[in-house]
Amino acid sequence: MTAVSIRNLNFSYGDHPVLKHIEITLEKGLFYSIIGPNGSGKTTLLKNLQKIIRPDSSCIYLNGEDIRSVSIRDLSKRIATVPQETHMDFDFTVLDMVLMGRAPYLKRFETEGVNDLERAKTAMEITDTWKLKDKSIRHLSGGELQRAIVSRAMVQDTDILLLDEPVSHLDMHHQISILRTVAGFCRSKGITVLAVLHDINLASEFSDSLILMNQGEIVQVGSPELVVNEKSMKSLFDMECMIISNPLSGRPHVIPATVM
């Protein structure tokens, strides 16, 4: 079943084209990762899906519905986002921040109820942040904060989850922990994930399908086994490398050639 359909998406900042003729279909319940060099349009594509920026014509559809006809409030019930960085101006507790994910479901001036609190507790137990519920978000480590942000996205109860470089500033342990948690949760709930990842090997390990982007265009889409090879890595990153099979998972693993 198709969750997202993008047909001939073009986008420019002024006279500078950033996305060119983007065509892609995302199926329900699969984990997709976008990889490509800096400046290839990865984050701009996510911003179009969030309606932060908007194309001039109808070209993005959610379950067959033109995204331009979907209100921001309703879009928040269908798409949740884990950004690369989150800045909070106020000293919220972790629980308060997670409960912000329930905002699309509350009426004006309405406060969270028992159901909202239970959803938050369930999400925070999955991400191992319930023990931090009364702690200030300003006193969290990078890994703790990112797990809390993932919890906030989970309680939005959406069918689509966007991840914009969610682990770029974290150590290896927290990178793997967060991606494993997201992948497990989304597969158990049948949620579609679209992630921008810089680490090719992490993308290969956790993704059902990889979307290779370069200079604003999608150049290849397919399973990690299909698209991660010496030729594609050379084309995308101008990088000589060796591809081996991870002995634990069987997924392709990129080893850059440090001396050529």
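Keep in mind it's a predicted model, so treat the numbers as computed, not measured. Hydrogens, waters and symmetry mates play no part in the numbers below; they use all other heavy atoms, side chains included.
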S.K.: With a 4.5 Å limit on heavy-atom distance, are the side chains of Leu99 and Leu117 in contact?
M.R.: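 Side-chain contact under 4.5 Å: yes.
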S.K.: Has Lys42 got a side-chain atom pairing as donor or acceptor with Pro37's backbone, closer than 3.5 angstrom?
M.R.: yes
S.K.: Do the side chain of Arg251 and the main chain of Ser207 share a donor and acceptor less than 3.5 angstrom apart?
M.R.: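 Yes, the answer is positive, given that a donor and an acceptor are paired below the 3.5 Å cut-off.
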S.K.: Roughly how far, to the nearest 0.5 Å, is the CD atom of Glu165 from the CD1 atom of Ile34?
M.R.: 10.5 Å
S.K.: Donor-acceptor check, side chain of Lys51 to backbone of Ile67, threshold 3.5 angstrom: yes or no?
M.R.: yes
S.K.: Which heavy atom of Lys234 sits nearest to which heavy atom of Glu240, and what is that distance?
M.R.: NZ-OE2, 3.3 Å
S.K.: Would you name the heavy atoms of Ser204 and Leu210 that are closest together and state the gap between them?
M.R.: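 For Ser204 versus Leu210, the nearest heavy atoms are N-CD2, 4.5 Å.
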S.K.: Passes side-chain hydrogen bond (donor to acceptor under 3.5 Å, both in side chains), Asp66 versus Ser69? Steps please.
M.R.: CA-CA 6 Å; Asp66 187 345; Ser69 68; 5.5 Å; no
S.K.: Side chains of Leu212 and Ser232: closer than 4.5 Å at any heavy-atom pair?
M.R.: yes
S.K.: To the nearest 0.5 Å, what is the distance between CG (Asp157) and NZ (Lys77)?
M.R.: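 Output value for this atom pair is 10.5 Å.
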S.K.: Enter the distance from Arg180:CZ to Glu205:CD here, rounded to the nearest 0.5 Å.
M.R.: 10.0 Å
S.K.: Mind checking the CD1-NZ spacing from Ile218 to Lys20? Nearest 0.5 Å is all I need.
M.R.: 13.0 Å
S.K.: Between Leu95 and Ala120, which heavy-atom pair has the shortest distance, and what is it?
M.R.: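 Residues Leu95 and Ala120, closest heavy atoms: CD1-CB, 4.0 Å.
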S.K.: Quick one, Val221 and Ser209 - any side-chain contact, counting heavy atoms below 4.5 Å?
M.R.: yes
S.K.: Which residue pairs pass the ring-ring contact (aromatic ring centres under 6.0 Å, His included) test when at least one of the two sits in residues 9-31, sequence neighbours left out?
M.R.: Phe11-Tyr13
S.K.: Counting N and O atoms only, with roles assigned by atom type, does the side chain of Glu23 sit under 3.5 Å from a partner on the main chain of Asn8, one being a donor and the other an acceptor?
M.R.: yes
S.K.: With no hydrogens and no angle check, is any side-chain donor or acceptor of Gln156 less than 3.5 Å from a backbone partner on Ser76?
M.R.: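 Yes: the side chain of Gln156 pairs with the backbone of Ser76.
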S.K.: Taking the side chain from Lys28 and the backbone from Gly190, do they hold a donor-acceptor pair closer than 3.5 Å?
M.R.: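 Yes: the side chain of Lys28 pairs with the backbone of Gly190.
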S.K.: Between Gly41 and Leu19, which heavy-atom pair has the shortest distance, and what is it?
M.R.: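 Answer, listing the atom of Gly41 first, then Leu19: O-CD2, 3.4 Å.
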S.K.: Would you call Arg78 and Asp159 a side-chain contact if the rule is heavy atoms closer than 4.5 Å?
M.R.: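 No. Closest side-chain heavy atoms not under 4.5 Å.
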S.K.: Can you confirm whether Leu161 sits close enough to Val82 that some side-chain heavy atom of one is under 4.5 Å from a side-chain heavy atom of the other?
M.R.: yes
S.K.: State whether a side-chain donor-acceptor pair under 3.5 Å links Asp96 with Thr93.
M.R.: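 Result is yes, a qualifying pair exists.
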S.K.: Same cluster or not: are Val70 and Tyr61 linked, directly or through other Ile, Leu, Val, Met, Phe, Trp or Tyr residues, by side-chain heavy atoms under 4.5 angstrom apart?
M.R.: no
S.K.: Looking at OG1 of Thr44 and CD1 of Ile52, how far apart are the two atoms once the value is rounded to the nearest 0.5 Å?
M.R.: 10.5 Å
S.K.: So which heavy atom on Ile243 is nearest to which on Pro252, and how close?
M.R.: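 Closest pair (atom of Ile243, atom of Pro252, distance): CG2-CB, 3.9 Å.
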S.K.: Where the side chain of Thr181 meets the backbone of Ser177, is there a donor-acceptor pair that is under 3.5 Å apart?
M.R.: yes
S.K.: Does a side-chain heavy-atom distance below 4.5 Å link Asp208 with Arg187?
M.R.: yes
S.K.: Please examine the side chains of Thr158 and Ile79, heavy atoms only from C-beta on, and report whether any two atoms are closer than 4.5 Å.
M.R.: no
S.K.: Tell me whether Val182 shares a hydrophobic cluster with Met172, the cluster being built from Ile, Leu, Val, Met, Phe, Trp, Tyr side chains joined at under 4.5 Å.
M.R.: yes
S.K.: Just checking, is any N or O donor in the side chain of Gln50 or Thr81 under 3.5 Å from an acceptor N or O on the other one?
M.R.: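 Indeed, the side chains of Gln50 and Thr81 share at least one donor-acceptor pair under 3.5 Å.
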S.K.: If only side-chain N and O atoms count, and only distance matters, is there a donor-acceptor pair under 3.5 Å linking Gln175 with Asp199?
M.R.: no
S.K.: Where do Arg152 and Met97 land on the side-chain contact (heavy atoms from CB on, under 4.5 Å) test, with the steps shown first?
M.R.: CA-CA 7 Å; Arg152 184 181 65 184; Met97 189 191 73; 4.0 Å; yes
S.K.: What pair of heavy atoms forms the shortest contact from Val94 to Leu140, and how long is it?
M.R.: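 Closest approach of Val94 to Leu140: CG2-CD1, 3.6 Å.
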S.K.: Got a second to check how far Leu9's CG is from Ile24's CD1, nearest 0.5 Å?
M.R.: 11.0 Å
S.K.: Find out whether Asp164 and Lys47 are in side-chain contact, i.e. whether some heavy atom of one side chain is under 4.5 Å from a heavy atom of the other.
M.R.: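 Result no, sub-4.5 Å side-chain heavy-atom pair not found.
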S.K.: According to a hydrophobic-cluster definition based on side-chain heavy atoms being under 4.5 Å apart (Ile, Leu, Val, Met, Phe, Trp, Tyr only), do Leu62 and Leu30 belong together?
M.R.: yes
S.K.: Output yes when a side-chain donor or acceptor of Thr129 lies under 3.5 Å from a complementary backbone atom of Leu132, and no otherwise.
M.R.: no
S.K.: Does one hydrophobic cluster hold both Val227 and Leu202, with members joined at side-chain heavy-atom distances below 4.5 Å?
M.R.: no
S.K.: Would you find a donor on one side and an acceptor on the other, under 3.5 Å apart, between the side chain of Tyr32 and the backbone of Glu27?
M.R.: yes
S.K.: Under 4.5 Å between side-chain heavy atoms, counting indirect links through other Ile/Leu/Val/Met/Phe/Trp/Tyr residues: same cluster for Leu162 and Leu45 or not?
M.R.: yes
S.K.: Tell me which pairs pass ring-ring contact (aromatic ring centres under 6.0 Å, His included) where either residue lies in residues 163-208, with sequence neighbours left out.
M.R.: none
S.K.: Are side-chain N/O atoms of Ser151 and Arg119 paired as donor and acceptor at under 3.5 Å?
M.R.: no
S.K.: Going by side-chain contact (heavy atoms from CB on, under 4.5 Å), name the residues that satisfy it together with Thr111, two or more places apart in sequence or in a different chain.
M.R.: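 Once residues adjacent in sequence are excluded, Thr111 has no partner under the side-chain contact (heavy atoms from CB on, under 4.5 Å) criterion.
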S.K.: Taking Arg102 for its side chain and Val155 for its backbone only, find out whether a donor-acceptor pair lies under 3.5 Å.
M.R.: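 Yes; at least one donor-acceptor contact below 3.5 Å.
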